[in-house]
Each structure stands twice: as structure tokens, then as C-alpha cells.
Amino acid sequence: MITAQGASYSEQTTWMLAVRDRQDRAAFAALFDHYAPRVKGMLIRQNCSHGQADEIVQDVMLTVWRKAAQFDPERAQVSAWIYQIARNRHIDVIRKESRPMPEELAHEPDNEPDASQILGMEQEAARLKEALARLKPAQREMIEAAYLGDLSHRELSEQTGLPLGTIKSRIRLGLDKLRHELKGMRAE
């Protein structure tokens, strides 16, 4: 088939271009009828169950409809484009299946902290707060932003306008001082 630009395209490519350019439902139905059984066959040859293959085919064809604007006949044939989507989706399904699912955590009342453990954690938190208060304000701000604010060194540099090396130095010096302060508090 020859298009307005003079390029010669296969019937399937013409259908895909109609889907891409005009969201043509009839062209999509033709694409679906042509490629769905072929994609399913490919998946079954790759040891996919019939039910799973049907699900993947549905996902693939839905992706073809949704991402039709990304199709470029100059970069790939429509068959290669659709088979690549199917291959990627199949790999995603395999990865998801092989990922170990976390076991349910058994609730054991013996593992709950007792009053002395809770008191110990509260005392540690108070010591840390006191040690943080003893730091220079610039060091304390950097440590709090990095560890409590969960910001990277680069994000801190961008936020404050300070050089990355200055950020890293303040955090390193502050952590060293914190370690020293906490050791001294434990010794008391």
C-alpha cells in the first residue's frame, strides 16, 4: 500500500498508522485479529500457560492502543514493535513470579519490648538529642537535614547553595563530634 508520502507500507503497518493517527477502532480490531493469535503462539512456545498467555496478549494489545503514538514505521516494522512489547511484558511477568514473596511475620508476644527496653530507648533518644544540641548549628543543621530530612549531599548543596565539599565536611565533622559526645555520655 502506498501512503501520501509515497512510502510503501504493509497492510499491518497501514492499520497501525490508522490507529496511531486517527485512533481508528476498525484498524485496531484488524491489528488485534492479526497479531493476538501470533503473540499468544509465541508466548506458548516460550513455555507460557494458555491462561497467562491470554492475559499477556490482552496487556500487549492494550499497550499497542495506548502507545500507538510512539510507533514509527521508519524505525521498526509493526510486527517487531508488537513482539518487542510482548517480549518485555513476558519478562516482567516472569520476574514478578520469580520474586520471593515475604512470609507473613508471626506475631510473637515475647519479642515485644518490655518496660526496661522502652526506657532504655527513650534514654538513648534523649542522649542523642542532647548530643545534637551540643553541635555547632551548621553541623547540626546538615546532619538533621541529611539523616532526619532524608536529603542527599547533592540535594543539600542545591538547597543551601553551599559547595558539596562543605556539606560533606560539616556532616563528617558533626558525626565525629556526635560519636565522641555519645561515648562520653555512656561513660558517665
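With rounding to the nearest 0.5 Å, the separation of CZ in Arg75 from CH2 in Trp81 is 11.0 Å. Here Gln12 contributes atom CD and Leu17 contributes atom CG; the two are 11.5 Å apart, rounded to the nearest 0.5 Å. To the nearest 0.5 angstrom, Asn47 atom CG is 9.0 Å from Ile94 atom CD1. Ile167 contributes atom CD1, which lies 10.0 Å from atom OG of Ser152 (distance to the nearest 0.5 angstrom). Note that CG of Leu128 is 11.0 Å distant from CD of Glu181, once rounded to the nearest 0.5 Å. Summarising the geometry, atom NE2 belonging to His153 is positioned 10.5 Å from atom CD belonging to Glu155; distances are rounded to the nearest 0.5 Å.
Counting heavy atoms from C-beta outward, Cys48 and His90 have side chains that approach closer than 4.5 Å. Residues Leu162 and Arg170 have side chains in contact (heavy-atom distance under 4.5 Å, counting atoms from C-beta outward). Between Val19 and Leu31 the shortest side-chain heavy-atom distance falls below 4.5 Å. A 4.5 Å side-chain heavy-atom check between Trp15 and Val78 finds every atom pair outside the cut-off. The side-chain heavy atoms of Gln77 and Tyr9, taken from C-beta on, include no pair separated by under 4.5 Å. In this structure the side chain of Asn88 reaches within 4.5 angstrom of the side chain of Gln84, judged on heavy atoms.
Shortest non-hydrogen contact noted between Met42 and Arg87 is CE-N, 4.3 Å. Of all heavy-atom pairs between Ala76 and Phe71, the closest is O-CE1, 3.5 Å. Of all non-hydrogen atoms in Pro73 and Thr13, the two that sit nearest each other are CB-CG2, 3.9 Å. When all heavy atoms of Leu178 and Ala131 are compared, the closest pair comes out as CD2-CB, 3.5 Å. Nearest heavy atoms, Leu132 versus Arg140: O-CD, 3.2 Å. A pairwise comparison of heavy atoms in Met142 and Leu156 identifies O-CD1, 3.9 Å as the closest pair.
Among residues two or more places apart in sequence or in another chain, the side-chain hydrogen bond (donor to acceptor under 3.5 Å, both in side chains) test is passed with Arg89 by Asp59. With sequence neighbours excluded, the residues that form a ring pair (Phe, Tyr, Trp, His ring centres under 6.0 Å) with Phe28 are Trp65. In terms of the salt bridge (Lys or Arg N to Asp or Glu O under 4.0 Å) criterion, Arg172 has no residue partners (sequence neighbours excluded). With sequence neighbours excluded, no residue satisfies side-chain hydrogen bond (donor to acceptor under 3.5 Å, both in side chains) with Ser157. Residues satisfying the side-chain hydrogen bond (donor to acceptor under 3.5 Å, both in side chains) criterion with Asp54, sequence neighbours excluded, are Lys40.
For residues 40-63, the set of pairs meeting the ring pair (Phe, Tyr, Trp, His ring centres under 6.0 Å) definition, not counting sequence neighbours, is empty.
Between Glu130 and Arg127 there is no salt bridge, since no side-chain nitrogen of the basic residue lies less than 4.0 Å from a carboxylate oxygen of the acidic one.
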